[in-house]
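Note sheet for the following structure.
The sequence lines fix the lettering, A, B, ..., with proteins before strands; numbering per chain opens at 1.
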There are 2 protein chains.
Amino acid sequence: MSGAKALSMDLPLDQILRGECVETMRTLPSGSVDCIFADPPYNLQLRGELRRPDDSVVDGVDDDWDKFSDLQEYDRFTREWLSEARRLLHKDGTIWVIGSYHNIFRLGAILQDLGFWILNDVVWRKSNPMPNFRGRRFTNAHETLIWAARSQDSRYRFNYQAMKALNDDVQMRSDWYLPLCTGNERLRNEHGLKLHPTQKPESLLHRVLLASTTVNDVVLDPFSGSGTTAAMARRLRRHFVGIERHPDYVEAAMARVAREVPLDDDAIQTTQDKREAPKLPFGSLVEQGTLVAGTVLSDKKQRIQATVAADGTLVSGAKRGSIHKMGAMLTNAPSCNGWTFWHFEREGVLLPLDVLRQESLAATASQ
Amino acid sequence: MSGAKALSMDLPLDQILRGECVETMRTLPSGSVDCIFADPPYNLQLRGELRRPDDSVVDGVDDDWDKFSDLQEYDRFTREWLSEARRLLHKDGTIWVIGSYHNIFRLGAILQDLGFWILNDVVWRKSNPMPNFRGRRFTNAHETLIWAARSQDSRYRFNYQAMKALNDDVQMRSDWYLPLCTGNERLRNEHGLKLHPTQKPESLLHRVLLASTTVNDVVLDPFSGSGTTAAMARRLRRHFVGIERHPDYVEAAMARVAREVPLDDDAIQTTQDKREAPKLPFGSLVEQGTLVAGTVLSDKKQRIQATVAADGTLVSGAKRGSIHKMGAMLTNAPSCNGWTFWHFEREGVLLPLDVLRQESLAATASQ
DNA sequence: ACACCGGCTGAATCTCTCC
DNA sequence: CGGAGAGATTCAGCCGGTG
């Protein structure tokens with residue numbers, strides 16, 4: 001994704017803007033951000049205070065910003081900020097929202113109503129959730145993230161191979177097992193009390209940003225709070241724009257960002273998707289003599305053969321075509337990746353053509 | 001809960017009624033069921049044919065009953081059957097609905113709009129989900145259930161101790177790890193093909209009914225399908241009322257129920273679910289900051305070095321791969337256990353990565 | 001009898017670029 | 001905007017056949 005970078009000239013980069021969420025978003029240019037992460041107020045509807053079995057009071061979320069008169073008011077607020085978010089998002093951009101069962105269904109339905117295209121719902125499984133003290137429900141041990149593209153036809157970014165690498169080389173699933181933000185990671189005020197009631201763990205934002213953005217992308221967090229998004233953006237060398245109404249949070253978050261050291265060139269690299277690798281036409285291997293015209297290729301089980309022609313096509317009897325087309329034709333398949341289908345012999349071993357491509361790309365990269 | 005039993009005289013018990021969902025519900029008496037389990041159409045909106053990398057075709061859900069012209073029509077349908085469901089539910093009763101990201105946000109929002117009171121959202125984590133074949137999203141590895149009481153002041157049933165016992169004497173969490181319905185459990189037609197495209201596993205209904213109903217309770221399933229709810233109700237000695245519009249499904253489900261043997265008085269119904277072996281991908285250590293990206297690892301004799309990248313791969317020159325692959329590559333070995341091969345330095349001492357893994361697993365204890 | 005291997009399958013919104 | 005073509009992409013578990 002060339003992304004929104006060219007459009008971001010009017011965007012105040014790497015800052016947390018103090019102000020109301022919607023009002024501040026209205027001052028920013030359309031299509032100027034590549035990705036949005038939003039952790040909106042939860043509308044928790046807590047009735048009175050909650051006590052642990054030992055009668056200590058649970059420090060729940062009871063700040064003013066979490067009080068909404070009713071569902072309709074919450075929906076109105078949600079539609080308003082999500083509409084602005086959609087305007088700010090680049091056409092190929094994606095948005096993440098996080099919530100619990102109190103608000104996630106409102107968020108999801110309104111996302112769909114506004115034309116966002118849901119790509120995944122992702123479950124953050126907490127390794128250390130708060131137990132259900134009254135024993136009247138299941139332990140609420142997860143929160144839900146929704147990942148959505150701006151529209152159905154967005155050509156969004158997903159760093160598939162990086163996610164696979166992060167998960168021991170099997171596809172990353174939609175359920176993520178991560179600890180809560182505790183201990184030293186948790187920001188505290190001068191009295192040692194937690195600064196923000198819902199500070200998100202860095203590991204969560206690390207995975208979110210690694211999955212759906214690339215270096216120098218612009219990430220917007222309209223409910224910046226303790227600044228986890230901003231801090232992880234800086235660490236991973238993405239640009240950020242935060243919005244936060246409470247000056248204390250703005251200050252604490254910017255101080256936090258300043259303490260963050262961006263990863264260096266070696267550490268920031270991730271496994272590349274093949275789709276992004278430099279293109280190398282099969283014909284150039286023949287031109288360069290890497291593979292001599294006249295070489296006979298076969299499938300892995302050596303049931304099918306074809307001969308390499310001087311123009312990089314394959315020939316078998318009266319049939320001729322690209323490595324892909326011939327693979328598909330000779331196996332009656334609708335399509336075929338010739339790079340992995342066709343094999344050549346080297347020192348008695350059958351190797352896929354892809355090996356030659358990798359070698360050739362590696363050789364030219366180091367020049 | 002004294003429950004709805006006294007009211008159920010006009011209710012046709014332990015049958016699957018052939019008919020349209022809403023129409024049939026209208027014939028049943030108000031407040032007559034203790035619990036509802038509903039697996040409505042998901043509105044998947046599948047477009048073309050999907051093929052696996054081996055070119056085989058995925059047998060998707062293309063049935064007419066899952067097609068809706070737009071979200072508005074889906075919402076209308078949902079409001080209609082949920083309204084009837086609420087009328088049939090006893091004042092202290094609860095409802096379960098299951099869905100995927102395609103429809104669960106519509107379901108949840110409408111439940112709230114109608115006055116249901118959400119108790120939990122529960123995540124069914126699939127042990128064996130279908131992969132994402134195109135590598136364009138996270139593996140869709142879960143479905144979501146919403147558990148809600150008829151109203152905020154319902155004195156609903158929750159068998160807390162039974163759930164705790166089922167979970168090795170720790171509170172049952174909101175994330176459940178259960179396999180898909182496959183193998184012998186899957187109902188098949190005379191050609192050996194699956195009878196119903198979306199048959200739910202018995203383990204799921206077993207847990208649902210065990211959590212939220214008691215012996216002789218009445219359970220309604222307005223989208224009965226293959227009859228998993230009815231079968232598990234009979235096994236657990238609950239009464240059931242099913243509604244299903246396709247006569248073939250009604251017949252197959254009633255035959256299935258007839259094969260079911262109710263548990264006897266002594267049977268303690270704890271089909272213990274497989275405890276999940278604690279797994280920890282190397283990438284998690286990087287995300288969680290246990291090991292910082294940019295750290296240089298080495299073998300025990302410090303002859304070989306590599307740098308940790310942000311996606312949990314190791315980098316050395318032009319080479320990149322998992323801790324295992326890189327260990328093997330750099331030593332020319334066929335394979336390598338990266339956890340014991342690679343070492344990091346702590347207080348001047350070289351320690352294997354495995355130490356970090358053990359520490360991290362111990363800290364988070366029970367997955 | 002037992003191990004191993006190949007085949008099959010599951011609620012799936014599943015490509016991208018160039019002409 | 002439509003069509004053609006290049007080329008990227010899979011995990012766990014069950015079943016049946018074979019050695």
Sugar-phosphate only, base, or nothing, as touched by [X] at under 4.0 Å among non-hydrogen atoms:
X: B:Arg186; value: sugar-phosphate
X: A:Thr340; value: nothing
X: B:Asn184; value: sugar-phosphate
X: A:Ile323; value: nothing
X: B:Arg47; value: sugar-phosphate
X: A:Val170; value: sugar-phosphate
X: B:Trp124; value: nothing
X: A:Gln161; value: sugar-phosphate
X: B:Cys181; value: nothing
X: A:Gln152; value: nothing
X: B:Asp66; value: base
X: B:Gly48; value: base
X: B:Pro129; value: base
X: A:Lys164; value: sugar-phosphate

Should [X] be listed as having a side-chain N or O under 4.0 Å from OP1 or OP2 of [N]?
X: B:Lys126; N: C:dG10; value: no
X: A:Asn337; N: D:dA8; value: yes
X: A:His324; N: D:dG5; value: no
X: B:Asn140; N: C:dT13; value: yes

[atom1]-based separation of [M] from [N] [nearest Å]:
N: D:dG19; M: C:dA1; atom1: C1'; value: 12 Å
N: D:dG13; M: C:dT13; atom1: C1'; value: 26 Å
N: D:dT9; M: C:dT17; atom1: P; value: 15 Å
N: C:dG10; M: C:dC14; atom1: C1'; value: 15 Å
N: C:dA11; M: D:dC15; atom1: C1'; value: 23 Å

Length of the [atom1]-[atom2] vector between [X] and [N], whole Å:
X: A:Leu314; N: D:dA6; atom1: CG; atom2: C1'; result: 14 Å
X: B:Glu143; N: C:dA12; atom1: CD; atom2: C1'; result: 11 Å
X: A:Lys325; N: D:dG7; atom1: NZ; atom2: P; result: 13 Å
X: A:Ile118; N: C:dC14; atom1: CD1; atom2: C1'; result: 16 Å

According to a cutoff of under 5.5 Å between the ring centres and under 30° between the ring planes, does B:Phe133 stack with the base of C:dC14?
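No.
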
For A:Arg173, enumerate each residue passing the salt bridge (Lys or Arg N to Asp or Glu O under 4.0 Å) test, keeping only those at least two apart in sequence or located in another chain.
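With sequence neighbours excluded, A:Arg173 shows a salt bridge (Lys or Arg N to Asp or Glu O under 4.0 Å) to A:Asp175, given in chain and number order.
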
Sub-3.5 Å pairs of nitrogen or oxygen atoms, protein against nucleotides 4-8 of chain C:
none

Can you run down the salt bridge (charged side-chain N to carboxylate O under 4.0 Å, His left out) pairs that involve residues 185-200 of chain B, sequence neighbours left out, and say none if there aren't any?
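Residue pairs with at least one partner in residues 185-200 of chain B: B:Asp39-B:Lys200, B:Asp59-B:Lys194.
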
Name the residue closer to the 5' end of DNA chain C, choosing between B:Asn132 and B:Thr182 according to the nucleotide with the nearest heavy atom.
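It is B:Thr182 whose nearest nucleotide is closer to the 5' end.
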
Go through D:dA12, D:dT9, C:dT13 for me and flag the one nearest to the B:Arg134 side chain.
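The nucleotide sitting nearest to the side chain is D:dT9.
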
Nearest to side-chain heavy atoms of B:Pro131, which nucleotide of D:dC11, C:dA12, D:dT9:
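Among the listed nucleotides, the one closest to the side chain of B:Pro131 is D:dC11.
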
Applying side-chain hydrogen bond (donor to acceptor under 3.5 Å, both in side chains), name anything that partners B:His102, two or more places apart in sequence or on another chain.
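Checked B:His102 against side-chain hydrogen bond (donor to acceptor under 3.5 Å, both in side chains); matches are B:Ser100.
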
Answer yes when B:Lys67 and B:Asp64 have at least one side-chain N-carboxylate O distance shorter than 4.0 Å, and no when they do not.
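A salt bridge is absent here (no side-chain N lies under 4.0 Å from a carboxylate O).
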
Intra- and interstrand pairs of DNA chain D - dot-bracket, Watson-Crick/G-U under 3.5 Å, | marks other strand:
.|||||....|||||||||

Polar atoms only, N or O, under 3.5 Å: list the protein pairs with nucleotides 16-18 of chain C and their distances.
from	atom 1	to	atom 2	distance (Å)
C:dC16	OP1	B:Arg136	NE	3.2
C:dC16	OP1	B:Arg136	NH2	2.8
C:dT17	OP2	A:Arg155	NH1	2.9

